[in-house]
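Everything quoted here is computed from the prediction, not taken from an experiment. Lettering of chains follows the sequences in order, A, B, ..., and the numbering in each one begins at 1.
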Amino acid sequence: MILSHPLLDDLNSEQQQAVSIAGGPVMVVAGAGSGKTRVLTHRIAYLIQEMGVRPDAILAITFTNKAAREMRDRVGELLGATVNNMWVSTFHSACARILRREAHVFGYRSNFSIYDRSDSVRLVKHCLNDLGLDASRLSPRGLLNKISGAKNDLVDYETFLDRAEGPMEVAEVYKLYQQRLLQMSAMDFDDLLMVTVELFGAVPEVLAKYQHIFRHVLVDEYQDTNRAQYLLVRDLARKHRSLFVVGDSDQSIYAFRGADYRNFDRFDDDFPESRRVTLNRNYRSTSTILDAANEVISANLRADPKDLWCDQGEGERITVHQGHGSVREAQFVARRAKKLVAQGYNPADMAVFYRTNAQSRAFEEALRRAKLPYQVVGAVAFYQRGEVKDVVAYLQVVSNPDDGVALRRIINTPRRGIGRTSLGHIERYVSDQEVSLREALEVADDIPGISTRARKGVKELADVLGRIRGHLESEGVGRAAESAIFDTRIAEMATAAGGIEAEARSDNLAELSRVAYEFESSLEADLPPMERLGRFLEGASLVSDPDNLDEGAGAVALMTVHSAKGLEFPVVFVVGMQDGLFPHERSISDPDELEEERRLFYVAITRSMERLHLSWDDTRMVGGYPYPQVPSRFLREIPDRLVEKVGGPAFQPGSNASTASAGLATSGGAVRPFRGIVRQSGFEVGDRVRHPDWGLGRVLTISGRGMRASATVFFPDLKERRELMLSVVERVSGFGP
DNA sequence: CATAGCGGGTTTTTT
DNA sequence: ACCCGCTATG
């Protein structure tokens, strides 16, 4: 049945059904390219226009801030008016906003700081130090991952302690870390979610209040919600039961940060009256691309077959290119891109996806040489750059003087004579007197052992912070940022170091100042200065990589496959298609993780509309040494009829044997041990091994630790690679330079 | 107190 | 190859 209605006219019947369902919980299972964004925007417009819902009763969760902006605009266009007071944001932004108002219940101040990954790592290091634990033995990063994992599962440190999983040290660190965060009025990314859920659990009135406000909740990319996010949604929607979620479990790619596609099943349990609509018509890709995607994903035991179909025609075959060295792989991409531009494509129609950020360099270089404009999304993000973080840290301290991480960052940046010795005395005072760093600095003159120079430095710091605050209060955020750039002499410092970098640093600072002024003008006029600054800092903390993709830039986009989620491009290059890279070696030994890698590849493929180019490189540099590479197992999952092979004489369809030995031959004696792996397993890539049944073989990749290391080994006699535990093979000497 | 130089560890993906 | 923290030196 096709309904006739302005909001429904250009939708297919399944989309119409989803958009116009009367009420109650709805789950839309939306295959790749099936128009889920359309459905969401139309649904919101429909709620407002047809069901008389007030925009401020709607909470819509998107995966990026950019998607939120676009959704808001799109709804506005559909309704022919700008929509105000509708909450369209990411989980993290929405939680931050709620917590600004409510977190005082738990003792956080409303101006709490939001810590990114690197801030959190710093804090963990401090905690390790103060607990007298050895940071080189317990990696701060690793600890943070454990803490983060616990938080995503809503396990607080007390519960963590009770359960006493693993060594007590982790629990100790977790506890201190969390106490410090609270003392400093700071939250990490995971806290934003966890504390909100805890708040709803602990204070029923607060939950009731937000249930009342958000009578209608919509969630995009539902397959990537973690436990905290799931509970948040469930709690909010429990009362009015108007919950509309859209997702595709085959595109679930964030398990490493707690995402759980089983939230699909839980949805049915918690909302048994829910209705389900499946969208399986693809509007994005050619049938060639779609067939490849369907084949690849069907290799997953846990695939959720949606029988995607389309009528966009066959289009071009998928090219698979073998490069020889990353330079040539990148050259291939650049040349092909150039050719397509000559054929009428815009550089902005094209994107290069890779598994890891570290791969971007070669492609940047090649595109630069080909004189094609490009933009790298993510990688070393703007707000992560040293000089930018410094300025932001000053502003952060102005906003929240208890923010010890920010304060430690700027205390002697630029140098003002507060060196290790003085800082040591101050830190001792902090722990002895149990005061905050801010309080210690206020009485620095009375702390023994501090040099005159350092005392002066502390005073200078206080002065400059005062100045920034003054500018903020009289002239606003833009001027405050400028003050934090120039009055602190960070601008001077940025130029002074010289080199090509100097210019880039100055540009970054100029950009930061511009962004601050621009942000300022987007705020309501009656907001007090401190609150304006808080909003600015919050925005800076919560920008995501894809947020700064500029479609209007006319440039080829370079990004990780993760960042590419939700995007589409006429031409897509997926590069680095090698076993050990994609799928990543860390995932190969675990079937679940391997399936996640395959979903990731599925996401990559399904971004492309017209042309898909896959490429792999038969050598790879790790730590300065070349390593032989074999093509990704995923390439073999694409039927030959869809593929055209380009380049690489060694490439033989369906066989990795020739390429593996070719890779070894070309790198020859240059294959060297990767030190870290040697220490862990005693084996090296390139080692010859003997297996009781399969004979002699050569180690291609190693993953895992100690005696439990596993490897992919190529056995010439079998003409194939096998995965095995290294402990079951015997090493054979005689290989090497 | 600042800086240069060295040794050790290291990257998967991200809000 | 790169980043970080430690140490020796100015």
**Q** Could you go through nucleotides 2-4 of chain B and list every protein N or O atom that sits under 3.5 Å from one of its N or O atoms, giving the distance for each pair?
**A**
unit_1, atom_1, unit_2, atom_2, d
B:dA2, OP1, A:G417, N, 3.2
B:dA2, OP2, A:N412, ND2, 3.4
B:dT3, OP2, A:R415, NE, 3.0

**Q** Answer yes or no: does a side-chain N or O of A:N357 lie under 4.0 Å from OP1 or OP2 of B:dT13?
**A**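 Yes, because at least one side-chain N or O of A:N357 sits under 4.0 Å from OP1 or OP2 of B:dT13.
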
**Q** A:Y383 has an atom OH; how far is it from atom C1' of B:dT14, in whole Å?
**A**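 Atom-to-atom, A:Y383 to B:dT14, this comes out as 18 Å.
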
**Q** Determine if A:H92 stacks with B:dT15; use a centre-to-centre distance below 5.5 Å and an interplanar angle below 30° as the criteria.
**A**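 A:H92 ring does not meet the centre or angle cut-off for B:dT15; no stack.
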
**Q** Can you tell me if the side-chain N/O atoms of A:K125 get under 4.0 Å from OP1 or OP2 in C:dG5?
**A**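 A:K125 to C:dG5 OP1/OP2: side-chain N or O found under 4.0 Å.
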
**Q** In whole angstroms, how far is the C1' atom of C:dC4 from the CZ atom of A:R122?
**A**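 Value for this atom pair: 11 Å.
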
**Q** Given atom CG of A:L600 and atom C1' of B:dT14, what is their separation to the nearest angstrom?
**A**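 Atom CG in A:L600 sits about 12 Å away from atom C1' in B:dT14.
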
**Q** At under 4.0 Å, does any side-chain N or O of A:S541 touch on OP1 or OP2 of B:dT15?
**A**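 Checking A:S541 against B:dT15: no side-chain N or O falls below 4.0 Å of OP1 or OP2.
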
**Q** Can you check the A:L567 CG to B:dT14 P distance for me, whole Å?
**A**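 After rounding, the reported distance stands at 13 Å.
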
**Q** Please say whether the positively charged group of A:R599, taken as NZ for Lys or CZ for Arg, lies over the ring of A:Y602, i.e. under 6.0 angstrom from the six-membered ring centre and within 45 degrees of the axis.
**A**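 No.
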
**Q** Do any side-chain nitrogens or oxygens of A:T421 fall under 4.0 Å of OP1 or OP2 in B:dC1?
**A**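 Checking B:dC1 against A:T421, a side-chain N or O does come within under 4.0 Å of OP1 or OP2.
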
**Q** Select one nucleotide: of B:dT14, B:dT15, B:dT12, the one nearest the side-chain heavy atoms of A:E597.
**A**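 Nearest listed nucleotide: B:dT12.
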
**Q** Starting at CZ of A:R117 and ending at P of B:dT11, how long is that distance when rounded to a whole Å?
**A**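 Distance, rounded to whole Å: 11 Å.
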
**Q** Nearest nucleotide by nearest heavy atom, which residue falls closer to the 5' end of DNA chain B, A:Y254 or A:S451?
**A**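 With A:S451 and A:Y254 compared, the 5'-side residue is A:S451.
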
**Q** Establish, with yes or no, whether the OP1 or OP2 oxygen of B:dT14 is under 4.0 angstrom from a side-chain nitrogen or oxygen of A:T560.
**A**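 The answer is yes; a side-chain N or O of A:T560 sits under 4.0 Å from OP1 or OP2.
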
**Q** I need the CZ-P distance between A:R97 and B:dT15, as an integer number of Å.
**A**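 Value for this atom pair: 21 Å.
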
**Q** Verify the contact: side-chain N or O of A:S422 to OP1 or OP2 of B:dC1, cut-off strictly under 4.0 Å; return yes or no.
**A**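 The answer is yes; a side-chain N or O of A:S422 sits under 4.0 Å from OP1 or OP2.
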
**Q** For A:R227, does the CZ atom sit with more than 12 other heavy atoms under 6.0 Å from it, leaving out its own atoms?
**A**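 Counting other residues, nucleotides and ligands, CZ of A:R227 stays at 12 neighbours or fewer.
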
**Q** Base, sugar-phosphate alone, or nothing: which one does A:S563 contact when heavy atoms must sit under 4.0 Å apart?
**A**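 Sugar-phosphate contact only - A:S563 comes under 4.0 Å of backbone atoms but never of a base.
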
**Q** Hey, is A:F256 doing a stacking thing with B:dT13, by the 5.5 Å centroid and 30° angle criteria?
**A**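 Whether judged by distance or by angle, A:F256 passes, so it stacks on the base of B:dT13.
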
**Q** Give A:P414 one of three labels, base, sugar-phosphate or nothing, depending on what nucleic acid heavy atoms sit under 4.0 Å from its own.
**A**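 No contact.
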
**Q** Are A:R607 and A:F353 in a cation-pi setup, meaning NZ or CZ lies under 6.0 angstrom from the ring centre and within 45 degrees of the ring axis?
**A**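 Relative to the ring axis of A:F353, which defines the angle, A:R607 lies outside at least one limit.
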
**Q** Is the A:H562-A:F256 ring centre distance short of 6.0 angstrom?
**A**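 Here the rings of A:F256 and A:H562 have centres that are less than 6.0 Å from each other.
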
**Q** Could you check how far CD of A:E221 sits from P of B:dT15, rounded to whole Å?
**A**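 Taking CD of A:E221 and P of B:dT15, I get 13 Å after rounding.
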
**Q** Taking atom types as they are modelled, would you say the side chain of A:R586 forms a donor-acceptor pair with the base of B:dT12 within the 3.5 Å cutoff?
**A**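 Side chain to base: no pair present.
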
**Q** Check salt bridge (Lys or Arg N to Asp or Glu O under 4.0 Å) between A:D550 and all other residues, then give those that pass, not counting sequence neighbours.
**A**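 A:D550 satisfies salt bridge (Lys or Arg N to Asp or Glu O under 4.0 Å) with no residue once adjacent residues are dropped.
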
**Q** Which value, in whole Å, describes the distance between the P atoms of nucleotides C:dC4 and B:dT13?
**A**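 These two P atoms come out 16 Å apart once rounded.
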
**Q** Indicate the ring-plane relationship of A:Y354 and A:F363, choosing parallel, tilted or perpendicular according to the 30° and 60° boundaries.
**A**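 Judged by the thresholds at 30° and 60°, the geometry between A:Y354 and A:F363 is parallel.
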
**Q** Identify which nucleotide among B:dT13, B:dT15, B:dC1 has an atom closest to any side-chain atom of A:R257, counting heavy atoms from C-beta outward.
**A**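 Of the options given, the side chain of A:R257 lies nearest B:dT15.
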
**Q** Taking the minimum atom-to-atom distance to the side chain of A:A454, which one of B:dT13, B:dT14, B:dC1 wins?
**A**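 So the side chain of A:A454 is nearest to B:dC1.
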
**Q** Within 45° of the ring axis of A:F63 and under 6.0 Å from its six-membered ring centre, is that where the NZ or CZ of A:K565 lies?
**A**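 Judged by the rule (NZ or CZ under 6.0 Å from the ring centre, within 45° of its axis), A:K565 counts as positioned above A:F63.
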
**Q** Return whichever of A:R355 or A:D190 has its heavy-atom-nearest nucleotide of DNA chain B closer to the 5' end.
**A**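 Looking at DNA chain B, the more 5' nearest nucleotide goes with A:R355.
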
**Q** Among residues at least two apart in sequence or on other chains, which ones pass side chain to side chain contact (heavy atoms under 4.5 Å, CB included) with A:R234?
**A**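 Applying side chain to side chain contact (heavy atoms under 4.5 Å, CB included) to A:R234 gives A:Y230, A:L231, A:R238, A:D270, A:F271.
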
**Q** One thing to verify: whether A:R535 and A:E538 come together as a salt bridge, which I'm taking to mean a side-chain N less than 4.0 angstrom from a carboxylate O.
**A**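 Salt bridge between A:E538 and A:R535, a charged N being under 4.0 Å from a carboxylate O: no.
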
**Q** Nearest whole Å is fine: how far is B:dT11 P from A:R361 CZ?
**A**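 Distance, rounded to whole Å: 17 Å.
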
**Q** Which listed nucleotide (B:dT11, C:dC2, B:dT13) is nearest to the side chain of A:H562?
**A**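 The answer is B:dT13.
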
